[in-house]
There are 2 protein chains.
Amino acid sequence: MYVTLPDAPAVSTHAAPLPGRLVQTTTSSRRAETALFRAGDAATALYGIAAGVVRLSRVMENGRRQIIAFGYPGDVVGFPVAGRHTCDGDTLTPVRLVAYPARILDCPSLDPDLHAYLLDAALREIGGMQDHFLMLGRKSATERVASFLSVLARRAGRQVDGRLTLSLPMSRTDIADFLGLTTETVSRVLTHLRQCRVIGLETVHTVTVDSPDALDCIAEGR
Amino acid sequence: MYVTLPDAPAVSTHAAPLPGRLVQTTTSSRRAETALFRAGDAATALYGIAAGVVRLSRVMENGRRQIIAFGYPGDVVGFPVAGRHTCDGDTLTPVRLVAYPARILDCPSLDPDLHAYLLDAALREIGGMQDHFLMLGRKSATERVASFLSVLARRAGRQVDGRLTLSLPMSRTDIADFLGLTTETVSRVLTHLRQCRVIGLETVHTVTVDSPDALDCIAEGR
DNA sequence: GCGGCGCGGTTACACTCCGTTACACGGGCG
DNA sequence: CGCCCGTGTAACGGAGTGTAACCGCGCCGC
């Protein structure tokens with residue numbers, strides 16, 4: 001079985017969209033990965049992310065894996081279909097989550113505002129997935145990596161020493177499985193972007209975006 | 001501008017999930033394609049499909065196109081984000097639609113049951129898109145075409161003369177843009193599947209599934 | 001504290017699958 | 001009747017993969 005969140009109550013179960021209660025999934029820096037739910041599980045709750053990063057993924061019988069999305073603060077993850085989770089959810093960093101009981105989905109009268117909030121979150125999820133479709137279906141390896149970095153920069157970029165800096169809590173394998181590539185290709189493209197002075201690789205998990213405009217151009221295939 | 005549905009009132013605007021009012025988009029057999037909405041449009045309504053097939057697609061600035069989904073009866077299409085459509089919607093066949101005013105999304109109190117129904121439809125959409133992700137990211141050309149036919153067979157297959165028969169209202173280009181392939185590859189794979197006696201090609205737009213089990217095996221990469 | 005080990009990441013190279021290009025065919029509409 | 005669009009077939013080339021070797025870093029045991 002997978003680890004439940006320690007320090008009960010693990011997750012705040014509350015109606016207000018945000019904020020929730022602090023949940024420290026793992027204090028150790030290494031392997032902060034913790035399972036939130038598995039595909040096929042009966043869904044008891046869905047989770048608003050207040051802090052941290054969550055990975056949503058699916059695996060085929062033959063082991064091939066596709067990462068559906070990386071959940072960042074403001075996202076809601078764990079939407080069930082017919083009461084069951086359709087993908088795996090794992091934390092990549094320590095997180096703060098707000099758990100919404102799944103039954104709210106069926107009973108809007110319990111909390112109409114929350115219901116509308118969740119619907120809105122679902123619609124935003126659908127919109128984001130559509131971009132991901134274009135990426136997987138119609139973009140080259142370089143364009144995919146550039147798109148990934150560009151979106152992440154907008155979403156979670158920070159100015160450090162006057163440079164747009166990006167933390168990549170996920171492994172190269174995670175990135176590859178998100179983009180429909182292999183780790184080797186991800187590596188190659190990253191080094192290529194570095195050689196072109198578009199990005200800088202501070203550490204394995206830290207990237208600086210030195211030329212955001214160029215990155216966007218590459219991402220859009222221009 | 002794109003064609004609005006003829007024979008006003010074009011679409012039934014009603015609360016009840018289904019059924020709606022008959023809408024004949026085009027009577028001529030050729031080019032039954034009619035635009036429902038375009039990406040970026042302010043969303044006035046979303047549409048439940050009672051009959052017919054709707055194509056949802058997005059195009060990049062450089063012209064590359066990705067088909068997000070084919071909407072079949074029971075689906076709801078046109079979910080907006082921030083009040084705007086995020087993809088193009090076109091009918092591929094004459095359709096019967098139920099139009100739900102977009103403002104219902106923001107005001108659950110107007111019709112709580114409908115609100116819950118739309119949320120549920122959105123969740124099913126998310127679930128379906130996840131399968132599509134696996135297809136685009138992690139399946140070979142053959143597996144993609146097989147998956148496509150397998151899903152369609154389950155969804156819209158009919159028994160004709162004791163054979164599982166499938167109508168393909170979309171063009172080869174549409175299929176290619178849905179699967180992230182080219183028309184040539186789609187053609188190649190279809191003829192290959194025919195040579196393997198897995199499917200039969202009655203007409204260009206009619207396929208028989210002669211060996212459903214084999215099709216599923218190919219689709220799952222086994 | 002130090003050295004060995006193992007894992008994740010990077011690099012190099014040959015191959016393969018699929019996109020590109022080109023052409024042939026057929027049916028519908030003008 | 002001829003044009004044109006959609007489709008099918010074939011040959012070729014290239015982007016990305018698979019395989020394998022190498023590297024660097026953190027962890028563990030000694």
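When reading the values below, keep in mind they use all heavy atoms of this one structure, side chains included, and skip hydrogens, waters and symmetry mates. Every chain is numbered from 1, with letters handed out A, B, ... down the list of sequences. For clarity, every value in this text was computed on a predicted model and none was experimentally measured.
- Two residues are said to be in side-chain contact when any heavy atoms from C-beta on lie closer than 4.5 Å; Leu92(B) and Val54(B) fail this criterion.
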Could you go through residues 190-202 of chain A and list every donor-acceptor pair under 3.5 Å that involves a side-chain atom there, pairing it with any protein atom two or more places apart or in another chain?
unit_1: Thr191(A); atom_1: OG1; unit_2: Ser187(A); atom_2: O; d: 3.2
unit_1: Thr191(A); atom_1: OG1; unit_2: Arg188(A); atom_2: O; d: 2.7

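- In this structure, Glu33(B) atom CD and dC5(D) atom P are separated by 15 Å, rounded to whole Å.
- Closest contact between the side chain of Arg172(A) and the listed nucleotides dG9(C), dG16(D), dT7(D) involves dG9(C).
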Any chance you could lay out the side-chain contact (heavy atoms from CB on, under 4.5 Å) test for Arg163(A) and Val160(A), step after step, and finish with the verdict? CA-CA 5 Å; Arg163(A) 298 195 146 209; Val160(A) 177; 5.7 Å; no

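- Taking atom CE on Met170(B) and atom P on dG6(D), their separation rounds to 16 Å, with Å as the unit.
- Residues Gln66(A) and Asp177(A) have side chains not in contact (no heavy-atom distance under 4.5 Å, counting atoms from C-beta outward).
- With contacts defined as side-chain heavy-atom distances shorter than 4.5 Å, the pair Ile218(B)/Thr142(B) qualifies.
- We find that CZ of Arg138(B) is positioned 14 Å from P of dC18(C), with the value rounded to whole Å.
- Direction change of the helix axis from one end of the helix from dG1(C)-dC30(D) to dG30(C)-dC1(D) to the other is 30°, with five pairs defining each end axis (rounded to 10°).
- Every residue two or more places apart in sequence or in another chain that forms a ring pair (Phe, Tyr, Trp, His ring centres under 6.0 Å) with Phe178(A) is listed here: Phe70(A), His132(A), Phe148(A).
- Looking at Ile68(B) and Met129(B), their side chains come closer than 4.5 Å, going by heavy atoms from C-beta outward.
- Whole-Å rounding puts the Ile175(B) CD1 to dG6(D) P distance at 14 Å.
- Annotation: side chain of Leu168(B) is in contact with side chain of Val207(B) (closest heavy-atom distance under 4.5 Å).
- In this structure, NE2 of His205(B) is placed 16 Å from P of dC5(D), rounded to the nearest angstrom.
- In this structure, Lys139(B) atom NZ and dT17(D) atom P are separated by 18 Å, rounded to whole Å.
- By the salt bridge (Lys or Arg N to Asp or Glu O under 4.0 Å) test, Arg55(B) pairs with Glu33(B), Asp90(B), Asp174(B), sequence neighbours left out.
- Residues Ser140(A) and Arg144(A) bring no donor and acceptor atom of their side chains to less than 3.5 Å of each other.
- For the contact set between residues 176-189 of chain A and DNA chain D, defined by any heavy atom under 4.0 Å, the members are Gly180(A), Leu181(A), Thr182(A), Glu184(A), Thr185(A), Arg188(A).
- Using a 4.0 Å cut-off on heavy atoms, none of the residues of residues 190-202 of chain B approach DNA chain C.
- Looking at Val145(A) and Leu181(A), their side chains come closer than 4.5 Å, going by heavy atoms from C-beta outward.
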